[in-house]
Protein chains: 2
Amino acid sequence: MSITIKDIANKLDISVTSVSKALNDRDDISEKLKEKVKRVAKDLDYSPNTIAQRLVNKKSNTIGVFVLSRQPEKKIKEEENFGFKFLTGILEESNKRGYDILLFSTNSDLIEDKSYIKLCKERKVEGVVFTGLRLDDPHLEEISKSEIPIAIIDTYIEGENVGCITTDNKFGVNQALDYLWSLGHRKIAMVNGHKEAQISMTRLKYYKKYLNRKNCYNKNLVFEGDFTMESGYSCAQKIIDLERGNRPTAIFAASDLMAIGIIKAFKDKGIKVPEDVSIVGFDNIFTGEYIRPSLTTISQNAIEMGEKTIEWITDDSIRSNKKIYLEPSLIIRESCKNIK
Amino acid sequence: MSITIKDIANKLDISVTSVSKALNDRDDISEKLKEKVKRVAKDLDYSPNTIAQRLVNKKSNTIGVFVLSRQPEKKIKEEENFGFKFLTGILEESNKRGYDILLFSTNSDLIEDKSYIKLCKERKVEGVVFTGLRLDDPHLEEISKSEIPIAIIDTYIEGENVGCITTDNKFGVNQALDYLWSLGHRKIAMVNGHKEAQISMTRLKYYKKYLNRKNCYNKNLVFEGDFTMESGYSCAQKIIDLERGNRPTAIFAASDLMAIGIIKAFKDKGIKVPEDVSIVGFDNIFTGEYIRPSLTTISQNAIEMGEKTIEWITDDSIRSNKKIYLEPSLIIRESCKNIK
DNA sequence: TTGTACGCGTTATCAA
DNA sequence: TTGATAACGCGTACAA
């Protein structure tokens, strides 16, 4: 059995109240007793029972984190679970602020019969982070009505207590397209993520806007993938099947994984990147630097995004701001060519 | 305020005991009352307070997971934190078995003044998983004396309640060397991880054994890196500095990241892989498939390793087995050449 | 079958 | 300055 304050009290023949006060450094207790208590506590290797503390304080000091997959229906290769990237920042910031991180994921079926919110309510978590939330998630309604703060990465949901931490996609898309445009590209295709990710819709919106402004928008050049490499590969095949004259000279992919798939497909057909077609990705994953050609991409700072979620949840003063945008940056590597 | 069983009891004008029994489907209570209670619970959107349950049951249903970095002193790029790879398996298995996952990492300074064990004791976790534990960690002693089960990935520590889940490194090293040997390589260098990782020592041991058996061991061909790409790069420079006649024809690297760094260094010097030198890595990270030449490597199944940690912790029947080995496999790609 | 009383380990209130 | 008592929400012996 564990040592409790009762054991300390017994040993010193004083009340548990005094022990509690001493250990909590309250000032309505003598220094002398404090020292005695602390020494005995150390001797006995006492550690407080946080469960009891949480019960009486009505404060769990815990934040729940859900790492959902961008594509739940498929078996996840761990490398593709983009969500884990945010954990470094989340952990760092929550430790700093004294919160425990309760980690959930929902590959398992078991968890499904309880809603996210139920899971959180039972554990009395004081905030929730979601990554990879889809627009067809059955629990969106519940999320929007939440009474505890919920920070969602890359998805904005209306709700008094929900906030969105995301990349400034408008900025990112414009960076990518400005760059391609400056290289002389006019027929720029987009390989987008699936419709159930809000960022897909956002990125498409700004892609459209940009090209419409330039009078170069062509709806036949928009392809729908699902963020995976495989989907990039098959979208590229469709592009290859286009008539020569209709082929884009550049492709903007909504994820690096898809960009890699696209490059692979082209390589398999003997089409050269960037000589025959230029490609810009999104995410800046590690691999992008090592493929050939290395991938030009829009870089998101995943660590900072993770940190921001915890900041937003734990700091009421910024919580009125429902959308936090982080500026992405363009990483220029080898996958684009000047065709002017 | 949250709804409690007291609220349900009040509403039905019965005792909390009956409510508790009904909700827990005990058989010393009438079906009728059960139904009534459950209906009201649903109406009120009641959810049990797990904190209270845990206090009274003296069971936290929680497993603590520490994701330490292989190289704490450097700023961690998230892509390099190999530890996250195990999370998929850990989460899957713990959900299946009804355990919560409390996630820790120790980049933050704050956490340092409390030992891992203290952190765990306070939270009454029922098991602990470590990844990235170093042999110079100040808390090893404490870990070995733990009263709760501790599963350590890739490190074996003596202790009644500690177990090690690891790759069968003997098998892996032999696979790599057998392969290189079969291609005609006799001068095989090793670029190892740092000494504070137990797997480094293990891998070195079997590397030595193998080459000694073949009468080909040369201690000047062993280089110490620290698993990072940068260290691979600098080890490669030392190899390049060797006199022509002493240069290895093949290199066995203890991590894919180092292998990538090695390839980079060679490329920078105009040395060709695999034409001039063959390379085998370890880990099978995602990027290995996409670099040029693609990387031949020993593949570990990180998901399964994660699963095993939870199995080992929660299933007493296998806990007497202090070492669980998972068989790695050789992934042959382009980075090795037959020189016979 | 139902309910009373107590305990889990801690903190807070208030009286001594 | 110290301590007795109640409370947090729930489960369980035991009594009714």
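All heavy atoms count here, side chains included; hydrogens, waters and symmetry mates do not. A, B, ... follow the sequence lines: proteins, then strands. Residue 1 opens every chain. In this text, all values refer to a predicted model and were calculated from it rather than measured experimentally.
Look at B:Q53 and you'll find a side-chain N or O under 4.0 angstrom from OP1 or OP2 of D:dG11. Distances shown here put every side-chain N or O of A:N57 at or beyond 4.0 Å from the OP1 or OP2 atom of D:dC8. Neither OP1 nor OP2 of D:dT5 sits under 4.0 Å from any side-chain N or O of A:T17. Side-chain N/O atoms of B:S20 include none lying less than 4.0 angstrom from OP1 or OP2 on D:dC10. Residue B:Y46 has a polar side-chain atom (N or O) positioned under 4.0 Å from OP1 or OP2 of D:dC10. The side chain of B:T4 contributes no N or O atom lying less than 4.0 Å from OP1 or OP2 of D:dG9.
Residue A:I51 is out of contact with every strand shown, counting any heavy-atom pair closer than 4.0 Å.
A cation-pi arrangement is present between A:K323 and A:Y156, with the terminal nitrogen or guanidinium carbon under 6.0 Å from the aromatic centre and inside a 45° cone about the axis.
For the side chain to side chain contact (heavy atoms under 4.5 Å, CB included) with B:I150, the qualifying choice from B:I117, B:I313, B:I157 is B:I117, the only one to do so.
Using a 3.5 Å distance cut-off with no hydrogens or angles, the side chains of A:S18 and A:S15 do pair a donor with an acceptor. Using a 3.5 Å distance cut-off with no hydrogens or angles, the side chains of A:T62 and A:D100 do not pair a donor with an acceptor. If you check the side chains of B:E158 and B:S144, you find no donor sitting under 3.5 Å from an acceptor.
The base of C:dG7 does not come close enough to the side chain of B:K58 for any donor and acceptor atom to sit less than 3.5 Å apart.
Residue A:L12 contributes atom CG, which lies 12 Å from atom P of D:dT2 at whole-angstrom precision. Atom-to-atom, NZ of B:K6 to C1' of D:dA6 comes out at 11 Å; the value is rounded to the nearest Å. Whole-Å rounding puts the B:K21 NZ to C:dT1 P distance at 11 Å. Rounded to whole Å, the distance from CG on B:D28 to C1' on D:dC14 is 12 Å. To the nearest angstrom, P of C:dT11 lies 12 Å from CG of A:D25. Computed from coordinates, the A:R26 CZ to C:dT11 P distance equals 9 Å when rounded to whole Å. Distance CD1 (B:I29) to P (D:dT12): 13 Å, rounded to an integer number of Å. Distance, A:I8 CD1 to C:dT11 P: 11 Å, rounded to whole Å.
Residues B:D13 and B:A52 both approach DNA chain C. Their nearest nucleotides, taken by heavy-atom distance, put B:D13 toward the 5′ side. Residues B:V16 and A:I14 each lie close to DNA chain D; by heavy-atom proximity, the contact nearer the 5' end of the strand is made by A:I14.
Checking D:dG11, C:dG9, D:dA4 against every side-chain atom of B:V56, the shortest atom distance belongs to D:dG11. Taking the side chain of B:S30 as heavy atoms from C-beta on, and the options D:dT1, D:dG9, C:dT1, the nearest nucleotide is C:dT1.
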